[in-house]
Protein chains: 2
Amino acid sequence: MAYLADKMAKKKIVEADLSTEEKIKQAAQKVFMKKGYAATRTRDIAEEAGINLALLNYYFRSKEKLFELIMIEKLGNFFGAIAPILNNENLSLEQKMTQLSGSYIDMLNENPELPLFILSEIRYNPDRFANRMPLQKIVESHLTKQLHDKRPDLHPLHFLMNLLAMTVFPFIMKPVIHAAGVFSEKTFVAKMEERKQLIPRWMSALLRMK
Amino acid sequence: MAYLADKMAKKKIVEADLSTEEKIKQAAQKVFMKKGYAATRTRDIAEEAGINLALLNYYFRSKEKLFELIMIEKLGNFFGAIAPILNNENLSLEQKMTQLSGSYIDMLNENPELPLFILSEIRYNPDRFANRMPLQKIVESHLTKQLHDKRPDLHPLHFLMNLLAMTVFPFIMKPVIHAAGVFSEKTFVAKMEERKQLIPRWMSALLRMK
DNA sequence: GTCTATAACCTGATAGAC
DNA sequence: GTCTATCAGGTTATAGAC
């Protein structure tokens, strides 16, 4: 009950007590994530923010610049959470896998549209993203070294791809699962909760293989 | 050499000897897949097909209807290839996994943009796709029964999700990998070729686990 | 069937009043 | 800072000539 009241209070703040600039930013985030850059009209954002269309350009100059701002933040969410874990030299391989699947699934449960949003926008406009993603830092991470010590025969890229795939792919399939009516939102969250424990165990099984 | 000549001959047919209707269809497929529905202009399609804009509406009435046509075909490619394998009662669990990763990776190598295209469009317009995907047929497949016999403790959904994730996810990450300059097209194909053998072995390891 | 020309509408952005 | 009104350009779709 207290939690629910807290949530409602938070919602109210979002709707009312925010600066105009912040209201536009949050509205833009919501609409861009839902429709993608191309299908979003600046009018949609203005309406969602409860302000006039002209104010959007007053604060952010253009649709493009507003989108850039949102995208930088989202790229940070999507890639920023991985690298620190993969490069933490105090964690064992098993601890890294547990932390990564755990914290990443938590983050994605809060923001389930994030992967497909980012991936779609990169797909439809790759130029915008050249040299913007810290993927090399992920490939050359401390985890890669640990993996090489344990299983020099297994290419780290396959391992990383599998770890990410098991964690992220269900969220990418989420719209399909719902559109097909396979199961409910609640069941989905529960299944992902299970995966937090299962993924590290599956990945360990891959490491022990053969 | 003969193969190359054959390919070039095919290309020429595509460019010249096709009916107007077919030329538009193929152009639409190309442009929709590259830019997505919202960012595609009918003018782009007309230009790509080498015809006039009016002809597009003459043959297909509207952008929307043309898109529907393409999408039905693509949904067939994406989902249609899975169900027959998963429901083939003459294949063992291991054979199913081998065939699925093998034939699916082959298909995706020919059409690497397919998953992200479909997933993006569903995400940005879920209503269009309600009750259009044979996902229930996949969940209730013969593979599910075999899996239940072997490992009643492992939910088939987790298993299927992992199998699909390992197979499809790399293609979803492909634009990221290229935009980040991690490695070349040729290396990507080679790595996916490796995975055709590796995925069934990994999945078997998951089945033996614990 | 295929084209040109144009209608009808929509979208991002700005000018100018308050 | 915020609004209304409007511009300039682009988009889908169609009318009508050939």
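As a basis for the values below, the full set of heavy atoms in this structure was taken, side chains included, without hydrogen atoms, waters or symmetry mates. A, B, ... follow the sequence lines: proteins, then strands. Residue 1 opens every chain.
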Side chain to side chain, B:I177 and A:M161, heavy atoms closer than 4.5 Å: yes
Heavy-atom side-chain contact between A:F60 and A:E21 under 4.5 Å: yes
Nearest-angstrom distance from the residue atom [atom1] of [X] to [atom2] of [N]:
| X | N | atom1 | atom2 | answer |
| --- | --- | --- | --- | --- |
| B:L66 | D:dT11 | CG | P | 17 Å |
| B:I24 | D:dA13 | CD1 | P | 13 Å |
| A:K65 | C:dT14 | NZ | P | 11 Å |
| B:D44 | D:dT11 | CG | C1' | 11 Å |
| A:E47 | D:dC3 | CD | C1' | 16 Å |
| B:F67 | D:dA13 | CZ | P | 14 Å |

Residues from residues 55-64 of chain A lying under 4.0 Å of DNA chain D - heavy atoms: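 The answer is A:L55, A:Y58, A:Y59.
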Derivation and outcome, side-chain contact (heavy atoms from CB on, under 4.5 Å), residues B:R128 and B:M71: CA-CA 10 Å; B:R128 230 205 292 254; B:M71 189 44 103; 5.9 Å; no
NZ or CZ of A:K63 within 45° of A:Y37 ring axis and under 6.0 Å: yes
Plane angle bin for A:F171 and A:F188 - parallel if under 30°, tilted between 30 and 60°, otherwise perpendicular: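 Rings of A:F188 and A:F171: perpendicular, as their planes differ by over 60°.
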Short N-O contact, B:K30 and B:E48, less than 4.0 angstrom: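 Yes, charged N to carboxylate O under 4.0 Å.
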Pairs meeting criterion ring-ring contact (aromatic ring centres under 6.0 Å, His included) with involvement of residues 75-133 of chain A, two or more places apart: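 As it turns out, there is no ring-ring contact (aromatic ring centres under 6.0 Å, His included) pair with a partner in residues 75-133 of chain A once direct neighbours are skipped.
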Any B:T42 side-chain N or O less than 4.0 Å from OP1/OP2 of D:dT11: no
Worked check of salt bridge (charged side-chain N to carboxylate O under 4.0 Å, His left out) between B:E68 and B:K65: CA-CA 5 Å; B:E68 285 289 320; B:K65 291 216 191 311; over 6 Å; no
Footprint string (nucleotides 4-10 of chain D, 5' to 3'): B base within contact, S backbone only, - free, heavy atoms under 4.0 Å: B------
